[in-house]
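Taking it in order: structure first as structure tokens, then the write-up.
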Amino acid sequence: MLHLFPTGQGNIIGNPIMPVIKVSGNPVTCETMSEHIDLDVSKILTGEMTIEQSGENLLRLMVRTCNGRLTASEALGHRELVLAKLYRSA
């Protein structure tokens, strides 16, 4: 089981139960927080990468992670757990 976490801000979060793969398309975040991002897809914005290529890269990364590759969160020791709200908030 994997958790795919799209982020534009490079949130520092992990999970003690499953690997968290962080994907970002924000070039500033990918540059300034590269140690927290597992997959940089920001080149889609400049036309240097297609959506299909980034999808293939993500699939390969998912397979490698399922086979034991540590995610950025795991390598950095992040093991946070956040419970989702079960009700609407204002």
Would you tabulate the side-chain donor-acceptor contacts of residues 27-34 under 3.5 Å, counting partners in other chains and residues two or more places apart, or write 'none'?
residue : atom : partner : partner atom : Å
T29     : OG1  : G8      : O            : 2.4
T29     : OG1  : N26     : ND2          : 3.4
T32     : OG1  : V28     : O            : 2.9

Output for pair (M1 CE, M18 CE), nearest 0.5 Å, gives 4.5 Å

Do M62 and L4 have side chains that get closer than 4.5 Å, going by heavy atoms? yes

Would you check if there is a donor-acceptor pair between the side chains of S73 and K22 at a distance under 3.5 Å? yes

Indicate, with yes or no, if L2 and L39 share a hydrophobic cluster defined by side-chain heavy-atom contacts under 4.5 Å among Ile, Leu, Val, Met, Phe, Trp and Tyr. yes

Any chain of hydrophobic side-chain contacts (each under 4.5 Å) joining I21 to V41? yes

Any pair with a residue in residues 40-54 that passes salt bridge (Lys or Arg N to Asp or Glu O under 4.0 Å), sequence neighbours left out, goes on the list, sorted by first then second residue, please. none

Using a 3.5 Å distance criterion without hydrogens, assess whether the side chain of T7 forms a donor-acceptor pair with backbone atoms of S24. no

Verify the cluster assignment for L58 and L70: are they in a single hydrophobic cluster under the rule of side-chain heavy atoms below 4.5 Å apart? no

Tell me whether V23 shares a hydrophobic cluster with F5, the cluster being built from Ile, Leu, Val, Met, Phe, Trp, Tyr side chains joined at under 4.5 Å. no

Give the minimum heavy-atom separation between I44 and S54, together with the two atoms involved. CD1-OG, 3.3 Å

Can a side-chain donor-acceptor contact be found between R60 and N57 if the only test is distance below 3.5 angstrom? yes

Summary of salt bridge (Lys or Arg N to Asp or Glu O under 4.0 Å) pairs that have at least one residue in residues 66-77, sequence neighbours excluded: D38-R69

With hydrophobic residues grouped by side-chain heavy-atom distances under 4.5 Å, do M49 and I51 end up in a single group? yes

